[in-house]
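Below: one structure, written as structure tokens.
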Amino acid sequence: MPMNIYILQTAQKILTGGQLDRKEISELIKESAAHPHDLLYWANQIRLHNFGNKVKLCSIVPGRLGGCSQDCAFCAQSSRYKTHIADAGYTGDDDIIAAAEKACKNKVPNFGIVYSGKTISEQELQRLEKLAAVIRSKLPVKLCCGLGIISKQQAHRLKAAGFARYNHNLETSRRFFPQIVSTHSYSERVETIKAAVQAGLGVCAGGIFGLGESDEDRIDMALELRQLGADTVPMNFLHPIPGTPLGDRKPPEPAEILRIIAMYRFILPKAHLKIAGGRVLNLRDMQSWIFYAGATSLMVGDYLTTAGRKIEDDMQMLKDLNLEPILTNEQSSESNRAVK
Ligand code: SF4
């Protein structure tokens, strides 16, 4: 089958520094339905053009796990659902420091501390300020955190404490969000991301796919992330958790996941697309295809509520693909506002 001209021309526009508008994205998706391999081929070309063979690796540790008052329909950590980790538990300082040491040893330079819950208390913020000082004095990691909804003042304190970036996902589109979460608003999430940007933190913001959202919802979220200036976009794919409202929902198939990644590469050509939760379960034998679809970043090790795969397996996969992890000193040149 000959190459689809519209996909080719759209890719050329991006490769020469252009940006797609909403109408062009919708047309691209329509055209790619009969030409899925063209979409992947050009997504890979855009990845190579902007990132070469470099990939960004991240790992996370929960500072607080479970016991969350919120009702996000996919989440094992909500105390509203009967799941394997609905009750709150804290990870001690020593264990968090040990996890950061392990990340360094594994050459994973981005290390995130993540809290369940709508937000954090003053006491928890003080703990994190002290912990950041200890970790930064010992280890060459880039520290990240995800602590829920935070104010501008809290964002400034995290920046002053030495955190490099803030993770806060939009999860889905503004239109679809109320069907997934009722206990806080989409605007609160957007304001948190703006607070992080204003404080000078890098922004790691993405969402979760396979909740029942449409392609239009996916485009909406990507455009919102582009507008907000997220430089790293975590892409999670539903891992149905028994006991949650989405526990019986069928997750997306590998081909659909690759199509979504490729679509995001076209919309966010310079953002790191980080494939995170649901990767192992949903992609099965097709893990390595994510790079051909345009991904440039991986969450390695265990996820918050589900096990990942062995880091050695991921490192071997990167080596076999001739991909090289970005090291800490290379990241200093990363643009925080890469995707505007
Ligand atoms: S996604 Fe975050 S805010 Fe929502 S239930 Fe889970 S831990 Fe709570």
Side-chain angles (χ1 to χ4, degrees), residues 58-91 96 112-121 124-125 127-128 144-151 154-155 158 165-174 176-193 195-196 203-213 217 221 224-225 230 232-249 251 274-279 281 299 302-308:
C58 306
S59 73
I60 46 172
V61 66
R64 180 178 63 208
L65 191 69
C68 181
S69 62
Q70 304 301 290
D71 68 351
C72 308
F74 53 82
C75 184
Q77 302 196 68
S78 171
S79 60
R80 293 166 188 251
Y81 313 132
K82 284 200 174 8
T83 70
H84 58 298
I85 45 158
D87 295 333
Y90 284 82
T91 307
I96 291 180
I113 305 171
V114 183
Y115 271 56
S116 59
K118 184 174 181 184
T119 185
I120 49 159
S121 65
E124 286 162 337
L125 182 53
R127 177 204 182 196
L128 286 160
C144 320
C145 60
L147 313 169
I149 292 160
I150 56 167
S151 65
Q154 286 172 316
L158 291 167
R165 49 187 39 252
Y166 196 74
N167 163 248
H168 196 59
N169 290 336
L170 290 179
E171 308 303 10
T172 188
S173 69
R174 190 181 284 273
F176 192 63
F177 188 82
Q179 293 189 45
I180 300 299
V181 184
S182 74
T183 44
H184 59 270
S185 70
Y186 201 76
S187 296
E188 286 177 280
R189 287 190 174 248
V190 169
E191 288 310 310
T192 291
I193 294 172
V203 171
C204 177
I208 177 164
F209 303 88
L211 308 175
E213 77 284 352
D217 291 313
M221 184 172 84
E224 190 112 30
L225 292 167
T232 302
V233 174
M235 301 180 76
N236 300 283
F237 297 90
L238 181 69
H239 183 146
I241 305 287
T244 63
L246 299 180
D248 292 329
R249 192 172 179 88
K274 175 164 72 184
I275 312 308
R279 166 165 71 97
L281 174 85
M299 178 72 78
D302 288 341
Y303 308 118
L304 282 180
T305 64
T306 56

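One-based numbering, in listed order, for ligands and for the atoms of each. Note that the structure is a prediction, hence the values are computed from the model and not measured.
- In the model, Ser182 has a side-chain atom that pairs as donor or acceptor with a side-chain atom of Asp71 under 3.5 Å.
- When side chains are defined from C-beta on, Phe237 does not count as touching Leu281, because their heavy atoms never get closer than 4.5 Å.
- With atom 7 (S) of ligand 1 as the reference point, the heavy atom nearest to it among Ser79, Ala73, Gly117 is part of Gly117.
- Listed by chain and number, the residues in a side chain to side chain contact (heavy atoms under 4.5 Å, CB included) with Glu191 are Lys194 (sequence neighbours excluded).
- Side-chain contact check for Leu211 versus Asp217: every heavy-atom pair is 4.5 Å or farther apart.
- Each protein N, O or S atom less than 2.8 Å from atom 4 (Fe) of ligand 1 was counted, giving 1.
- With Ile193 as the partner, the side chain to side chain contact (heavy atoms under 4.5 Å, CB included) test is satisfied by one option alone out of Ile150, Asn167, Leu170: Leu170.
- The shortest distance between side-chain heavy atoms of Val181 and Cys72 falls below 4.5 Å.
- Taking a distance limit of 4.0 Å, we find that atom 2 (Fe) of ligand 1 is approached by no protein heavy atom.
- Checking His184, Lys118, Arg80 one by one against Gln70, the side-chain hydrogen bond (donor to acceptor under 3.5 Å, both in side chains) holds for a single residue, His184.
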